[in-house]
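One structure is given here, and the rest of the page talks about it.
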There are 2 protein chains.
Amino acid sequence: MAKSTISLDEIDRRILRALQQDGRIAVTLLAEQVGLSATPCLRRIRRMEEAGVIARYTAVVDPTRVGLPIQAFVQVALSSHAEEVAAAFHRALEARSEVVAAYAMSGGMDYMLHVVASDFEAYAEFALKALLRMPGVKETRSSFVLMALKPPGAVPI
Amino acid sequence: MAKSTISLDEIDRRILRALQQDGRIAVTLLAEQVGLSATPCLRRIRRMEEAGVIARYTAVVDPTRVGLPIQAFVQVALSSHAEEVAAAFHRALEARSEVVAAYAMSGGMDYMLHVVASDFEAYAEFALKALLRMPGVKETRSSFVLMALKPPGAVPI
DNA sequence: CCTGAAATTGCCGCTAA
DNA sequence: TTAGCGGCAATTTCAGG
């Protein structure tokens, strides 16, 4: 896991597509699909893992099935952009597991957060007690997910 | 993969945590970690897969390493909320692989899209030629990702 | 292609309602 | 007693050299 872009040929891309579609596919089967034998196929996978192209493997858990039916996107503006304030805010985000993704953004608001919660009460607790009290937070704007039309999926390769 | 919420005990949750952390972990090892033998552990995994708790397994590909360094969140408002218009819009979204995630939202804007692109030109092409011409689209507002602080990660269980 | 390890399945035993 | 759950052991398939 390091460095910049490495070059990928068509076979690498096929491997990535297959692994995005099924992260637990057997290497043997995958090799067959991409027209390789298992050994070189595995070598390519390892190479992409080490280059950070494949960041990790994960089971995609449906939040609505595990008691987390509330999802929100929250835009956050900081009052200060001093490095120290930003760093403290980042640490505060790291510590909250409700925040499943966080991005620094261009434009009016400084951050975009993706948050899950078990109910509105839990969400309110997070928004009012945790988020608004994080270092430097000036303003937040929450929008709730009504329906996931296209759940986080594969990157086009 | 169907139905509503099934009940999960502490062992199920441990399994989910481990599988979110490493989607390719060997069942044998996982079983050991959660204090079971492989057979019941695998049975629980299968049960959660079938219940849709585990939606799928995937390799997490870093878009910046595969030539897709531009990411944006786009809010979209439709001019009509007629079911037919919305359905056509949903289909149009499905067809665009740049759209890696899409949600119907509460509040001012109707949708939130997560979009990846190879460069600003490609993004502009998508935004102007594709998105703005999708059925019913009235207004869009794009914000670009400057940095992923917390890349899409595990749901807290 | 080969060897050890893992996944999977059948079968049995235990426990609680 | 029966439904549910866990474990052992045998078999098939896979990972990695």
Side-chain angles (χ1 to χ4, degrees), chain A residues 1-3 6-68 118 153-155 157, chain B residues 1-62 65-66 153-157:
Chain A
M1 27 15 197
K3 280 126 289 183
I6 64 172
S7 72
L8 304 175
D9 63 17
E10 178 53 27
I11 292 180
D12 290 321
R13 283 189 286 272
R14 270 187 243 162
I15 292 173
L16 288 177
R17 277 183 228 120
L19 282 174
Q20 284 193 101
Q21 188 166 73
D22 177 5
R24 282 190 80 107
I25 188 174
V27 175
T28 318
L29 185 56
L30 173 54
E32 200 175 296
Q33 285 182 18
V34 303
L36 235 48
S37 70
T39 304
C41 183
L42 187 59
R43 239 198 319 268
R44 283 166 182 264
I45 294 172
R46 292 284 174 269
R47 171 170 159 269
M48 293 192 283
E49 288 169 358
E50 269 156 37
V53 171
I54 299 173
R56 63 202 185 88
Y57 298 90
T58 191
V60 179
V61 173
D62 181 347
T64 67
R65 305 285 171 94
V66 294
L68 296 166
S118 55
V155 160
I157 306 191
Chain B
M1 23 26 189
K3 284 129 286 187
S4 53
T5 313
I6 63 170
S7 72
L8 303 174
D9 63 17
E10 179 53 27
I11 293 180
D12 290 320
R13 282 189 286 270
R14 270 188 243 160
I15 291 173
L16 288 177
R17 277 183 227 119
L19 282 174
Q20 285 193 101
Q21 189 167 72
D22 177 4
R24 283 190 79 108
I25 188 175
V27 174
T28 320
L29 184 56
L30 173 55
E32 201 175 295
Q33 285 182 18
V34 303
L36 279 180
S37 72
T39 305
C41 184
L42 185 60
R43 261 204 298 265
R44 282 163 180 265
I45 294 172
R46 293 283 176 268
R47 172 170 158 271
M48 292 192 282
E49 289 169 357
E50 270 159 35
V53 171
I54 298 173
R56 63 202 186 89
Y57 298 90
T58 191
V60 178
V61 172
D62 181 348
R65 304 286 171 93
V66 293
V155 160
I157 308 193

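The sequence lines fix the lettering, A, B, ..., with proteins before strands; numbering per chain opens at 1.
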Side-chain contact check for B:A26: nearest option of D:dC8, C:dA6, C:dT8 is C:dA6
In whole angstroms, the gap separating P of D:dG4 from CZ of B:R44 amounts to 14 Å
query = Is atom CD of A:E32 surrounded by more than 12 heavy atoms (other residues, nucleotides or ligands) closer than 6.0 Å?
reply = no
When rounded to whole Å, the CG to C1' distance for the pair A:L30 and D:dC14 reads 13 Å
message = Does A:L29 reach a base, just sugar-phosphate, or nothing at all? Heavy atoms under 4.0 Å.
response = nothing
**Asked** Just checking B:R47: base, sugar-phosphate only, or nothing, at a heavy-atom cut-off of under 4.0 Å?
**Response** nothing
Here the distance between atom C1' of C:dT9 and atom CD1 of B:I45, to the nearest Å, is 15 Å
>> Under 3.5 Å, is there any donor-acceptor pair linking the side chain of B:T39 to the base of D:dC8?
In response: yes
Atom CD1 of B:I15 and atom C1' of C:dA7 are separated, to the nearest Å, by 15 Å
The reported gap from CG in B:D12 to CZ in B:R17 (rounded to nearest 0.5 angstrom) is 10.5 Å
d(B:R56 CZ, A:T58 OG1) to nearest 0.5 Å is 10.0 Å
note: A:L19, atom CG; D:dA15, atom P; distance rounded to Å ~ 11 Å
Checklist entry - When you look at CD of B:Q21, are more than 12 heavy atoms from neighbouring residues, nucleotides or ligands closer to it than 6.0 Å? => result no
Value for CD (A:E10) from CD1 (A:I157), rounded to nearest 0.5 Å, stands at 10.5 Å
Picking from D:dC14, C:dA7, D:dG7, the nucleotide nearest the side-chain atoms of B:V27 would be C:dA7
Atom CZ of B:R43 and atom P of D:dG7 are separated, to the nearest Å, by 9 Å
Which part of the nucleic acid, if any, lies within reach of A:T28 when heavy atoms closer than 4.0 Å are counted: base, sugar-phosphate only, or nothing?
sugar-phosphate
Taken to the nearest whole Å, CZ/B:R46 to P/D:dG6 is 16 Å
Here the distance between atom P of D:dG6 and atom CD of B:E32, to the nearest Å, is 17 Å
Testing C:dT8, D:dG6, D:dG16 for proximity to the side chain of A:L42, the answer is D:dG16
